[in-house]
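Beneath this line is the structure, given in structure tokens, with notes to follow.
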Amino acid sequence: MSEPSEPGEVESLVETVESAAEGDGDVSVEELVETIGGDALASLMLVPALIMVSPASGIPGLSTACATIVALAALQLAIGRHTLWLPGFLGNRRVARSKLDTATHWLQKPARFLDRLTGQRLAFLAARPFSIAPALLCVLIAFCVPFLELVPFSASIAGAAIGFIALGLVARDGVLIILGLLAALAAASLVWSVAT
């Protein structure tokens, strides 16, 4: 019988977030950041993006809160910071553990699928200075999310774009970054159709 395989990057990340959902009461954004690791900026972009593509994205305002975290992490990654700074009002924002648990449970299968997609391809796109452009693109996508929340679940397209880019940065996979750029074009066309 073969040994069970080790969890990949995304599955491990989902399990880490799942551990934060254990216990009673709500969990603060700051507690989530500490659980993931404040020095893992690309991972801190990936987790909110994954939540945005989960059914939890239907909760009013949640996608915008996730996009704010993405924008802050991506901007700080682009300028070369190594740890995440969060304003107090955002760090203190709380999420119901039950909703976080629902999101992480739903993400387990997609996480395994995403891990199978990753590989060391066009890795230079995930290294500086090339990584600055996709990080800044994630900031721009994040700014579009409040408009996308006008159409239920449409913020999931933006979340998918950010998710591919962030996963590409985490796994050093330039192909996923390119897929994220294509998803970003889809998100941009949706914003345009909502705005016009």
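Counting only heavy atoms from C-beta outward, the side chains of Leu50 and Leu114 approach each other to under 4.5 Å. Between Arg94 and Val27, the closest side-chain pair of non-hydrogen atoms is not below 4.5 Å. Contact of the Ser131 side chain with the Leu77 side chain is not registered, since no non-hydrogen atoms from C-beta on lie closer than 4.5 Å. Residues Thr35 and Val17 are not in side-chain contact: their nearest non-hydrogen atoms beyond the backbone lie 4.5 Å or more apart. The side-chain heavy atoms of Leu179 and Leu176, taken from C-beta on, include a pair separated by under 4.5 Å. Using a 4.5 Å heavy-atom threshold, the side chains of Pro87 and Leu72 count as touching. The closest side-chain heavy-atom distance from Met52 to Ser63 is below 4.5 Å. Counting only heavy atoms from C-beta outward, the side chains of Leu100 and Asp26 never approach each other to under 4.5 Å.
Under the 4.5 Å side-chain heavy-atom criterion for ILVMFWY residues, no single connected hydrophobic cluster contains both Leu44 and Leu136. Linking ILVMFWY residues whenever their side-chain heavy atoms come closer than 4.5 Å, directly or via other members, leaves Phe89 and Leu75 in distinct clusters. Both Leu84 and Val70 are members of a single hydrophobic cluster when ILVMFWY side chains are connected at heavy-atom separations under 4.5 Å. Neither Ile132 nor Ile177 shares a network with the other; the hydrophobic side chains, linked directly or stepwise wherever heavy atoms of I, L, V, M, F, W or Y lie under 4.5 Å apart, form separate groups for each. Note: the hydrophobic cluster containing Leu181 also contains Met45 (ILVMFWY, side chain heavy atoms under 4.5 Å, direct or indirect links).
Partners of Arg128 under the salt bridge (Lys or Arg N to Asp or Glu O under 4.0 Å) rule, at least two apart in sequence or in another chain, do not exist in this structure. Annotation: side chain to side chain contact (heavy atoms under 4.5 Å, CB included) contacts of Ile69 (sequence neighbours excluded): Val29, Pro48, Leu90. Qualifying ring-ring contact (aromatic ring centres under 6.0 Å, His included) partners for Phe124, counting only residues two or more places apart in sequence or in other chains: Phe130. By the side chain to side chain contact (heavy atoms under 4.5 Å, CB included) test, Thr102 is found to be paired with no residue, residues two or more places apart in sequence or in another chain being considered.
The heavy-atom pair separating Val53 from Gly159 by the smallest distance is CG1-C, 3.6 Å. The two residues Ala67 and Ala142 come nearest to each other via the heavy atoms O-CB, 3.3 Å. Across Gly180 and Ile165, no two heavy atoms sit closer than the pair CA-CG1, 3.7 Å. Residues Cys138 and Ala74 approach most closely at CB-CB, 3.9 Å, considering heavy atoms. Contact record, Gly168 with Ala126: O-CB, 3.7 Å, taken as the closest heavy-atom pair. For the pair Leu41 and Ala73, the tightest heavy-atom approach, listed with the atom from each and the gap, is O-CB, 3.9 Å.
Using a distance-only test at 3.5 Å, with no hydrogens or angles considered, a donor-acceptor pair links the side chain of Gln120 to the main chain of Ala171. With hydrogens and angles ignored, the 3.5 Å screen pairs a side-chain donor or acceptor of Glu31 with a backbone N or O of Ser28. At least one donor-acceptor pair under 3.5 Å links the side chain of Asn92 to the backbone N or O of Gly88. Between the side chain of Asp115 and the main chain of Val10, a donor-acceptor pair closer than 3.5 Å is present.
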Might you work through the side-chain contact (heavy atoms from CB on, under 4.5 Å) test for Leu46 and Ile162, ending with a clear yes or no?
CA-CA 7 Å; Leu46 180 56; Ile162 294 167; over 6 Å; no
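A salt bridge (charged side-chain N to carboxylate O under 4.0 Å, His left out) check over residues 79-89, counting only residues at least two apart or in different chains, returns nothing. Pairs passing the salt bridge (charged side-chain N to carboxylate O under 4.0 Å, His left out) check and including a residue from residues 156-177, sequence neighbours excluded, read Arg121-Asp173.
Atom CZ of Phe147 sits about 10.0 Å away from atom OG1 of Thr64, to the nearest 0.5 Å. Atom OG1 of Thr68 and atom CZ of Phe143 lie 8.5 Å apart (nearest 0.5 Å). Going from atom OG of Ser43 over to atom CD1 of Ile36 covers 7.5 Å, rounded to the nearest 0.5 Å.
Inspection of the Gln108 and Glu18 side chains reveals an N or O donor paired with an N or O acceptor under 3.5 Å.
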